Amino acid sequence: MNIVYRSVLFLSIAAAALITTGCNRGPKLVKVSGRVLIDGKPLEKGFVQVIPKDQRAATGQIDKEGRYTLTTFEAGDGCVLGTHEVTVLANESRGPTALHWFAPKKYSEPNTSGLTLEIKEETDSADINLTWDGGKPFTEKFEDEGLQPPAGEGN
């Protein structure tokens, strides 16, 4: 073999190896599912979002039994390991100027939810416990212009 042929062969193999390993890069994910309970009962609708620092968030839709399965890239692929902030968004539109909340609004934002989830390994019991803390489901109404909540309403 001449030196040019060997160099081209080596570079081709190296490039193929980089392309192949490059396709498989990304965060290691583990399958994660669980239940969302509010005051001990299943939350019957909504979404869970698990928010790792410097990684893509994982989301899961909550079913009638309060169960969810996290997805980061492909359905059910899970979430990265670690302790992450969590949000739970459980509302539905009641026309153009109202939202009905099935869980307190505070759980819908990472800076107010107070929720975290520690993921150490694959699990089907990553339960999230919410509370109304004396409150109950409510409908939030907004003014037509600017969709601002009226003073004193909301949770």
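Note that the structure is predicted; figures quoted are calculated from it, not measured.
- Once rounded to the nearest 0.5 Å, the distance linking OG1 of T87 with CD1 of I128 reads 9.0 Å.
- Both L115 and Y68 are assigned to one and the same hydrophobic cluster, defined by single-linkage of ILVMFWY side chains at heavy-atom distances under 4.5 Å.
- T131 and D39 are linked by a side-chain donor-acceptor pair at a separation below 3.5 angstrom, with hydrogens and angles left out of the test.
- Between E92 and K45 there is a salt bridge, since a side-chain N of the basic residue sits under 4.0 Å from a carboxylate O of the acidic one.
- The cluster map of Ile, Leu, Val, Met, Phe, Trp and Tyr, joined by side-chain heavy atoms under 4.5 Å apart, puts W101 and V88 in the same cluster.
- Counting heavy atoms from C-beta on, the side chains of L130 and Y107 come closer than 4.5 Å.
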Worked check of side chain to side chain contact (heavy atoms under 4.5 Å, CB included) between I51 and V86: CA-CA 6 Å; I51 310 164; V86 175; over 6 Å; no
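- Considering only heavy atoms from C-beta on, R94 stays 4.5 Å or farther from E140 through its side chain.
- In the hydrophobic cluster analysis, where Ile, Leu, Val, Met, Phe, Trp and Tyr join through side-chain heavy atoms closer than 4.5 angstrom, V50 is grouped apart from F73.
- Remark: the backbone N or O of G76 is paired with a side-chain donor or acceptor of T71 at under 3.5 angstrom.
- The line from CD of E44 to CG of D63 is 9.5 Å long, rounded to the nearest 0.5 Å.
- Of the possible donor and acceptor atoms, one in the side chain of R56 sits under 3.5 Å from a partner among the backbone N and O of T72.
- By the 4.5 Å heavy-atom criterion applied to side chains, T59 and V48 are not counted as neighbours.
- How far CD of Q49 is from SG of C79: 10.5 Å, rounded to the nearest 0.5 Å.
- Looking at heavy atoms from C-beta onward, P42 lies out of side-chain contact with K64 at the 4.5 angstrom threshold.
- Between the D127 side chain and the R35 main chain, a donor and an acceptor come within less than 3.5 Å of each other.
- Once rounded to the nearest 0.5 Å, the distance linking NZ of K105 with CG of N91 reads 9.5 Å.
- A salt bridge between E85 and K53 is absent, with no side-chain N of the basic residue lying under 4.0 Å from a carboxylate O of the acidic one.
- L89 is listed as a side-chain neighbour of S108, based on a closest heavy-atom distance under 4.5 Å.
- In the hydrophobic cluster analysis, where Ile, Leu, Val, Met, Phe, Trp and Tyr join through side-chain heavy atoms closer than 4.5 angstrom, L29 is grouped apart from L70.
- In this structure, F142 is a member of the same hydrophobic cluster as F138, with clusters built from ILVMFWY side-chain heavy atoms closer than 4.5 Å.
- Using a 4.5 Å heavy-atom cutoff, the side chains of I119 and V30 are in contact.
- Of all the heavy atoms in W132 and I38, the pair that sits closest is NE1-CD1, 3.2 Å.
- A donor-acceptor pair under 3.5 Å is absent between the side-chain atoms of T97 and the main chain of E143, judged by distance alone.
- Within the 3.5 Å criterion, the main-chain N or O of K106 finds a donor-acceptor partner in the side chain of T112.
- Nearest heavy atoms, T83 versus E118: OG1-CG, 3.4 Å.
- Summarising the geometry, atom OG1 belonging to T116 is positioned 10.0 Å from atom NE2 belonging to H84; distances are rounded to the nearest 0.5 Å.
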